[in-house]
Amino acid sequence: MPQSVKIGAGDPPMKPNNPKPSDALPLPLSLTNGLFFTMFFSVMYFLLTRWREKIRNSTPLHVVTLSELAASVSLLASIIYLIGFFGIDFVQSVIYRSNEDAWDVEEEENEKFIIEEDSRMGASPATTLGCAVPVVPLIPQQPTKVPVTEKPAPIITPQSSEEDEQIVNSVVEGKVPSYSLESKLGDCKRAASIRREALQRITGKSLEGLPLEGFDYESILGQCCEMPVGYVQIPVGIAGPLLLNGTEFMVPMATTEGCLVASTNRGCKAIYASGGATGTLLKDGMTRAPVVRFETAKRAAELKLYLENPVNYETISVVFNKSSRFAKLQGIHCAIAGKNLYIRFNSSTGDAMGMNMVSKGVQNVLDFLGNDFPDMDVIGISGNFCSDKKPAAVNWIEGRGKSVVCEAIIKEEIVKKVLKTNVAALVELNMLKNLTGSAIAGALGGFNAHASNIVSAVYIATGQDPAQNIESSHCITMMEAVNDGKDLHISVTMPSIEVGTVGGGTQLSSQSACLNLLGVKGASKESAGANARLLATIVAGSVLAGELSLMSAIAAGQPQRSHMKYNRSSKDVTKISS
Ligand code: ADP
């Protein structure tokens with residue numbers, strides 16, 4: 001029922017033909033409006049929240065609960081009242097605003113989420129310094145430069161003095177070149193320490209685990225390694241005694257391959273029990289082959305003929321041998337490719353592996369030849385016909401460094417008791433694997449089971465150049481039944497064992513200790529080159545032991561079992577990451 005309202009003298013005239021829904025309520029007008037507004041906003045908020053949840057949870061919007069149904073009815077009632085009292089335009093604008101506000105919350109959350117995602121991906125430069133992620137607009141007004149690569153947080157270890165701290169900073173800032181630290185400071189250990197700290201700060205990567213202490217950095221200066229920041233530790237195992245040419249050798253092997261030392265040791269045991277091995281040095285000569293070019297192939301051929309003339313060879317030898325009292329030219333082997341001549345000089349080098357020595361001799365000869373062949377253009381002191389640290393048939397056929405053959409006769413009962421196989425099985429396996437299998441594979445000097453395993457391990461332990469393992473591991477392993485088919489004759493022929501006992505890494509304390517163990521440390525006092533030649537023979541003898549043991553294991557079907565036992569970590573490697 002419409003309520004009768006008393007109209008005072010000053011009141012505006014009522015419109016009796018336009019009644020409002022609120023007129024029907026028994027409450028005062030302001031209270032009624034407040035009630036409907038409160039109902040409208042709270043129900044609106046409730047419904048929008050529910051709606052948002054449904055969208056997030058992928059729940060269909062038409063699935064409505066009882067509370068949502070009640071809320072919808074209340075909303076409808078409040079809208080009808082408000083339209084009746086305030087008009088449609090006002091209610092529309094209120095609905096639009098409350099809707100907008102509710103979704104603004106969602107937008108902000110989205111924005112924050114995206115920024116956090118970006119920061120996890122390292123897109124924000126602030127994260128690289130470990131700072132809080134700055135809130136940046138999603139669509140910036142001006143394009144900002146976003147660093148593509150992640151710059152890690154600096155790792156800072158306090159330096160022992162203010163001066164060192166300043167030098168580290170100068171290296172980090174690029175004001176002092178890292179390579180100049182040794183010469184500037186005059187202290188190799190300090191230089192390595194400062195370089196290491198600068199490296200950690202620049203990269204943000206820790207070098208913890210790579211030792212710095214306990215190494216003589218002066219000993220590598222200008223000879224073994226530039227810009228040191230520490231040293232890698234490799235365990236050294238011992239195989240032996242290797243009975244070779246009547247002498248026992250305990251062979252040091254630096255390796256991280258489980259089973260290798262144990263296997264070589266078993267081979268040594270079999271050789272020892274059978275009376276030992278015999279090693280013979282066939283050749284001793286390091287090579288270097290420059291490439292020179294002429295205007296015509298005819299002129300290149302003229303130099304070839306000149307060098308092959310015995311009279312000229314004598315003169316050339318004298319010139320070459322001036323490079324060192326240990327250098328003795330053994331021969332020259334020429335090869336022509338059109339106008340280009342490759343001259344492979346071959347020289348004994350005493351106890352040095354000899355690359356430097358031979359290169360010096362070659363330079364002497366090239367300078368000398370320039371007098372008679374002024375049109376000769378020296379393209380390079382090394383023309384790859386040498387051939388150093390690359391697989392090449394020339395080394396396999398002609399030899400490089402020391403060429404050695406090593407043999408042993410393994411008695412029938414030793415093959416059975418120590419090697420757990422039999423002679424026939426070994427001979428057959430060698431024929432089908434090391435000879436036929438390698439032929440089918442197109443092998444170049446690889447007619448063996450694993451010569452490079454032993455060569456590398458002995459090379460690293462004794463300070464040889466491990467890169468020369470490539471040609472030094474050339475090896476053909478032969479096996480034959482002898483003594484009426486009862487015993488096994490095994491041999492390894494290795495034409496390119498490149499070793500030295502002076503120069504390079506051989507003078508470093510650890511490597512020198514290993515050479516000392518073998519009795520071949522430094523220069524031979526009896527005869528120049530005797531230590532290096534003996535070392536090459538020991539390498540071949542060790543390879544013989546390694547071949548014998550691995551081939552026996554394969555013949556007996558053992559190697560996989562041994563590898564799983566000795567060469568496989570039980571640790572969970574998936575947890576080790578950079
Ligand atoms: P490589 O030629 O193997 O690279 P180096 O350049 O260090 O080695 O040369 C070896 C150095 O050692 C030469 O300076 C040489 O005079 C010296 N030396 C001393 N004793 C001997 C030796 N018995 N055999 C070879 N070189 C020796």
- Taking only residues two or more places apart in sequence or in another chain, which ones pass side chain to side chain donor-acceptor pair (under 3.5 Å) with Glu162? none
- Item | Residues in side chain to side chain donor-acceptor pair (under 3.5 Å) contact with Ser473, at least two apart in sequence or another chain | Asn469
- Give a yes or no on whether the backbone of Ile497 and the side-chain of Ser472 come within a donor-acceptor separation of less than 3.5 Å. no
Indicate every side-chain donor-acceptor pair of residues 377-387 with a distance under 3.5 Å to a residue at least two apart or in another chain.
{"from": "Ser382", "atom 1": "OG", "to": "Arg288", "atom 2": "NH1", "distance (Å)": "3.4"}
{"from": "Ser387", "atom 1": "OG", "to": "Asn384", "atom 2": "O", "distance (Å)": "3.2"}

- For the pair Thr501 (side chain) and Asn531 (backbone), establish whether a donor and an acceptor sit closer than 3.5 Å, ignoring hydrogens and angles. no
- Message: Under the rule for ring pair (Phe, Tyr, Trp, His ring centres under 6.0 Å), what residues qualify as partners of Phe326, not counting sequence neighbours?
- Response: none
- Spell out, as yes or no, whether a donor-acceptor pair under 3.5 Å connects the side chain of Glu182 to the backbone of Ala191. no
- side chain to side chain donor-acceptor pair (under 3.5 Å) partner of Gln330, chosen from Ser317, Ser348, Ser347: Ser348
- Could you give the distance from SG (Cys514) to CE (Met253), rounded to the nearest 0.5 Å? 11.5 Å
- Task: Name all residues meeting the side chain to side chain donor-acceptor pair (under 3.5 Å) criterion together with Lys175; count only those two or more places apart in sequence or in a different chain, and write none if there are none.
- Result: Glu173
- Note on the structure: side chain to side chain donor-acceptor pair (under 3.5 Å) pairs touching residues 234-252, sequence neighbours excluded, are Glu248-Tyr272
- Query: Measuring from Met478:CE to Leu435:CG, what's the distance to the nearest 0.5 Å?
  - Reply: 5.5 Å
- Set of ring pair (Phe, Tyr, Trp, His ring centres under 6.0 Å) partners for Phe215, sequence neighbours left out: Tyr217, Tyr231
- Under the side-chain contact (heavy atoms from CB on, under 4.5 Å) test, which residues partner Leu199, sequence neighbours left out? Thr203, Leu207, Val229
- Task: Would you please name every residue forming a side-chain contact (heavy atoms from CB on, under 4.5 Å) with Glu226, sequence neighbours left out?
- Result: none
- Task: Would you please name every residue forming a salt bridge (charged side-chain N to carboxylate O under 4.0 Å, His left out) with Glu218, sequence neighbours left out?
- Result: none
- Note on the structure: Value for SG (Cys225) from CD1 (Ile220), rounded to nearest 0.5 Å, stands at 5.0 Å
- Query: Does atom CZ of Arg293 have more than 12 heavy-atom neighbours from other groups under 6.0 Å away?
  - Reply: no
- Message: Give me each pair satisfying ring-ring contact (aromatic ring centres under 6.0 Å, His included) with a member in residues 168-202, each pair once, sequence neighbours excluded.
- Response: none
Side-chain donor-acceptor contacts of residues 360-367 below 3.5 Å, not counting sequence neighbours, with atom names and distances?
{"from": "Lys360", "atom 1": "NZ", "to": "Ser323", "atom 2": "O", "distance (Å)": "3.4"}
{"from": "Gln363", "atom 1": "NE2", "to": "Asp367", "atom 2": "OD1", "distance (Å)": "3.0"}

- Task: Verify, without hydrogens or angle tests, whether Ser491 (side chain) and Cys406 (backbone) share a donor-acceptor contact under 3.5 angstrom.
- Result: no
